[in-house]
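Just below is one structure, and these are the notes that go with it.
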Amino acid sequence: MRYEYNTIDKKWQKKWEEAHAFEAKTDTSKPKYFALVEFPYPSGQGLHIGHPRPYTAMDIISRKKRMQGYNVLFPLGWDAFGLPTENYAIKHQIHPAIVTKNNIAHFTEQIKALGLSFDWSREIDTTDPSYYKWTQWIFLQLFKKGLAYKKEMAVNFCTSCKVVLANEEVVGGVCERCGSEVVRKVKSQWMLKITEYAERLINDLEGLDFIERVKTQEINWIGRSEGAEVRFATTAGDDVIVYTTRPDTLFGATYMVVAPEHELVTKWKDQLKNFDEVEAYREEAARKSDFERTELVKDKTGVRLDGVEAINPVNGRQIPIFISDYVLSTYGTGAIMAVPAHDTRDWEFAKKFDLPIIEVVAGGDVQNEAFTDVETGIMTNSEFLNGLEVKDAKAKIIEFLTEKGIGVKKVNYKLRDWVFSRQRYWGEPVPLVNCEKCGWVALPEETLPLTLPEIERFEPTDDGESPLSKATDWVNTTCPCCGGPAKRETDTMPNWAGSSWYFLRYCDPHNNDALAAKEALDYWMPVDWYNGGMEHVTLHLLYSRFWAKFLYDIGVLSCKEPYLKRTAHGMILGENGEKMSKSRGNVINPEVVIAEYGADGLRLYEMFIGDFEKSAPWSQASIKGCKRFIDRVAGLTDLVKGEGVTQKLESSFHKTIKKVTEDIDSMKFNTAIAAMMSLVNEIYEVGTLTRDELRTLITLLCPFAPHISEEVNEFLGYTDILSLAAWPTYDEAKTKDDTVEIAVQVCGKLRGTVVVAANATREEMIAAAKADEKIKPFIDGKTVIKEIAVPGKLVNIVVK
RNA sequence: GCGGGCGUGGCGGAAUGGCAGACGCGCUGGUCUUAGGAACCAGUGGUUCACCCGUGCAGGUUCGAGUCCUGUCGCCCGCACCA
């Protein structure tokens with residue numbers, strides 16, 4: 001038979017659907033397995049060739065687990081709130097809900113054409129009020145626990161999207177989404193206290209099966225550091241608290257730097273002789289975008305505060321105070337003690353402003369460069385710390401500072417609270433009202449969902465107000481607390497809100513009384529294996545872990561971590577090795593590929609293309625090899641004779657079953673496919689196989705190429721659905737051959753091979769090697785110094 | 001600058017410290033064909049061809065190194081004045 005994919009693909013997709021083959025039932029008699037892919041944002045462009053890679057990978061894992069007897073939950077949904085849809089809606093004057101509906105329809109059709117074993121009965125959509133009801137509910141719980149708060153603050157503002165961005169959404173100083181300039185704007189924003197979970201977000205990574213680069217990236221992003229806060233008195237009377245990770249170098253502090261935004265600078269206005277100059281610098285710093293600030297990294301600038309000096313608490317020495325934008329107002333206390341001898345940035349600044357450099361850790365040449373090594377240095381010029389190692393000096397000075405009440409041990413994080421407001425229409429409304437009397441008041445939970453009002457125009461205003469502010473009928477309401485007049489919050493939630501808990505909804509997607517029933521959550525959670533992109537590590541992954549921990553704290557979830565295992569796929573690049581993009585003209589359309597090679601051809605090639613975790617360039621030529629392989633599998637039906645086991649093929653089958661089983665578990669799909677290709681090549685060499693053997697082969701192939709496997713199965717006369725059949729098992733003993741060909745080396749160089757019994761002893765192997773005609777010339781007349789034999793592998797004879 | 005990763009044929013890529021280049025693409029020759037951009041068969045790292053040389057480069061450990069160690073060069077990704 002042949003692979004007529006045009007008809008076969010559709011035929012089996014329909015059969016699976018009619019049989020509800022992949023719908024997960026809560027069945028406690030079987031072990032559960034929750035496999036998760038990141039649900040897509042249904043963009044107007046339709047499916048990208050990159051989408052099927054992680055989907056197929058997790059589909060293979062899900063299908064195999066299902067065949068191995070697990071109760072598998074493998075769902076999909078739509079992360080459908082967001083800017084591109086809204087921008088499209090504005091441009092074409094179509095309601096974003098309609099745009100979303102159309103995009104989802106298109107995506108659904110394209111994804112279904114891949115034959116993935118998703119449980120479509122659990123499909124969810126973050127823009128559906130019955131879904132975002134629960135997003136709002138979670139927000140209310142955060143609000144009630146004091147983890148959501150509104151704050152006037154300088155935020156990142158994208159000049160093109162006209163919207164506020166979270167720190168995680170600013171990449172390299174520009175907007176992560178559109179690449180436009182990001183400026184600082186002071187706005188009143190809802191914030192979520194993710195920082196309160198910083199410690200747990202780091203500590204609980206331990207023991208999770210996350211790939212290492214994901215763990216390190218999360219840890220670095222959270223950026224924990226240990227140090228001390230130290231109080232410096234000033235000649236102005238106010239104290240300045242600085243944060244330092246090197247309290248041991250306190251005796252080397254020769255000046256102080258505070259952030260331009262530091263509040264004391266304004267307070268000291270009358271005491272500063274050069275306040276005009278100071279003010280000018282502050283204005284300049286405020287005007288700079290993040291991008292400009294990072295561009296100017298190397299060139300330190302600053303202004304000395306003329307009229308106020310700080311006093312080093314350990315030696316009473318007066319030191320000058322500067323403002324400089326190399327000190328950030330948002331980290332630590334916004335003030336530092338500068339130790340130019342042992343900090344690179346302070347050293348650069350000191351050189352530029354001609355400030356003294358005092359060595360307090362011996363071991364370097366501090367006049368020529370900062371000595372920052374904490375491992376080898378010995379304290380000097382530091383009175384009672386002299387002679388100590390850095391690590392001991394740290395402990396001693398902290399003890400000293402604490403005793404004197406001038407300092408305290410302190411842990412800091414780079415992680416900032418999550419800016420949760422967006423001045424956009426297409427997002428979840430914030431279920432709060434602002435009452436003149438009562439302040440911010442939560443809507444009663446039974447009134448949720450608070451749905452989006454119908455409005456005419458979706459554009460945000462130039463001054464950054466949400467389009468919802470124009471819906472006055474909706475905005476003006478009554479306070480649920482006192483009944484007086486109140487106004488609704490007009491900002492909406494960021495698109496990361498709906499995706500922060502979507503996997504929980506899959507457990508019980510149609511529940512109207514809770515985000516999911518406790519029993520369903522307890523049964524399915526945590527997710528056993530979650531695959532997604534590296535670009536989400538410091539965004540979605542961190543946010544959703546935070547929400548899961550919060551839900552654990554309030555008793556909704558029974559697990560502390562939502563995901564047991566996390567892997568990440570590599571990108572599929574264009575044929576030229578560059579990232580695929582319209583502007584580069586190297587985009588491959590999955591629909592076109594399916595039309596030419598069938599769903600199985602695409603699936604197989606996406607898995608065969610290379611190491612799953614690495615990027616790989618697409619090749620229009622290479623995909624042919626996968627199509628040929630499928631055709632050759634279909635062609636095996638012509639070679640079927642009889643039942644049972646073919647002697648010559650038996651061990652090959654056992655080896656292949658073992659290899660494919662193991663490789664799927666470690667995501668080595670490319671070598672699993674290679675093993676099946678080798679087996680097929682061998683069958684063609686033998687020239688015949690049995691019906692049972694072909695059934696085994698297509699069972700192995702089924703997770704990768706389910707359509708052709710089902711078709712061959714039916715052709716062979718089987719009446720079951722192969723996708724639900726039992727996964728083949730292997731006999732370890734039968735994966736071994738009776739005889740093995742071993743390499744024979746003389747002095748470590750390969751000189752030949754000999755065939756020996758698989759269970760041959762070392763002595764037998766060496767004897768066989770020495771007896772070989774090709775080996776003799778290399779050892780005859782020489783003294784054997786050493787003989788090494790590795791069973792099943794090689795013999796190495798060392799001669800002189 | 002810091003953190004992570006990677007350098008293997010013409011290409012994508014394989015190799016628990018044990019026969020480097022599995023598997024696939026491409027290429028060469030052949031079979032069959034009116035035809036071949038189909039299918040099938042054979043071959044395919046280099047070479048001065050029983051030797052020898054080959055995993056970015058230079059050393060080291062080892063009976064044996066693509067794999068481990070040290071140094072070095074190059075590339076990719078993330079973070080980036082976080083005190």
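In what follows, chains are A, B, ... by sequence order, proteins preceding strands, each numbered from 1. For clarity, every value in this text was computed on a predicted model and none was experimentally measured.
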To the nearest Å, give me how far apart [atom1] ([X]) and [atom2] ([N]) are.
X: A:L639; N: B:C40; atom1: CG; atom2: P; result: 12 Å
X: A:I321; N: B:A83; atom1: CD1; atom2: P; result: 21 Å
X: A:F629; N: B:C25; atom1: CZ; atom2: C1'; result: 16 Å
X: A:E229; N: B:A83; atom1: CD; atom2: P; result: 13 Å

Using heavy-atom distances to pick each residue's nearest nucleotide on RNA chain B, tell me which of A:I673 and A:A335 is more 5'. A:I673
Mark up nucleotides 9-21 of chain B, 5' to 3', with B wherever a protein heavy atom is under 4.0 angstrom from a base atom, S wherever such an atom reaches only the sugar-phosphate, and - elsewhere. ---BSSSB-BB--
Per A:Y331 side chain, nearest of listed nucleotides B:G3, B:C41, B:A83: B:A83
Would you indicate which nucleotide in B:A83, B:C81, B:G24 comes nearest to any side-chain atom of A:S225? B:A83
Rounded to the nearest 0.5 Å, what's the gap from CH2 on A:W618 to CD on A:E606? Could you check? 5.0 Å
The reported gap from CG in A:D209 to CZ in A:R566 (rounded to nearest 0.5 angstrom) is 12.5 Å
Classify the angle between the aromatic ring planes of A:Y255 and A:F349 as parallel (below 30°), tilted (30 to 60°) or perpendicular (above 60°). parallel
Expressed in whole Å, how much space separates the [atom1] atoms belonging to [N] and [M]?
N: B:G18; M: B:G24; atom1: P; result: 24 Å
N: B:C69; M: B:G5; atom1: P; result: 12 Å
N: B:G30; M: B:G37; atom1: P; result: 14 Å
N: B:G13; M: B:G60; atom1: C1'; result: 30 Å
N: B:U55; M: B:U67; atom1: P; result: 9 Å
N: B:C6; M: B:G12; atom1: C1'; result: 15 Å
N: B:C57; M: B:C73; atom1: P; result: 15 Å
N: B:G66; M: B:U16; atom1: C1'; result: 15 Å

Syn or anti for B:C19 (syn when the glycosidic angle lies within 90° of 0): anti
Hey, is B:G59 sitting syn or anti, using the within-90° cutoff around 0? anti
Can you confirm whether A:E199 is buried at CD, in the sense that more than 12 heavy atoms of other residues, nucleotides or ligands lie under 6.0 Å from that atom? yes
Is the number of heavy atoms from other residues, nucleotides or ligands within 6.0 Å of CD (A:E535) greater than 12? yes
When both hydrogen-bonding distances must be under 3.5 Å and the geometry is Watson-Crick or G-U wobble, what is B:A80 paired with, if anything? none
Opposite nucleotide pairing with B:G7, Watson-Crick or G-U, both atom distances under 3.5 Å: B:C73
A:R246 and side chain to side chain donor-acceptor pair (under 3.5 Å): which partner among A:T249, A:D248, A:T244? A:D248
We want to know whether A:H536 and A:E38 form a side-chain donor-acceptor pair, criterion being a heavy-atom distance below 3.5 angstrom. yes
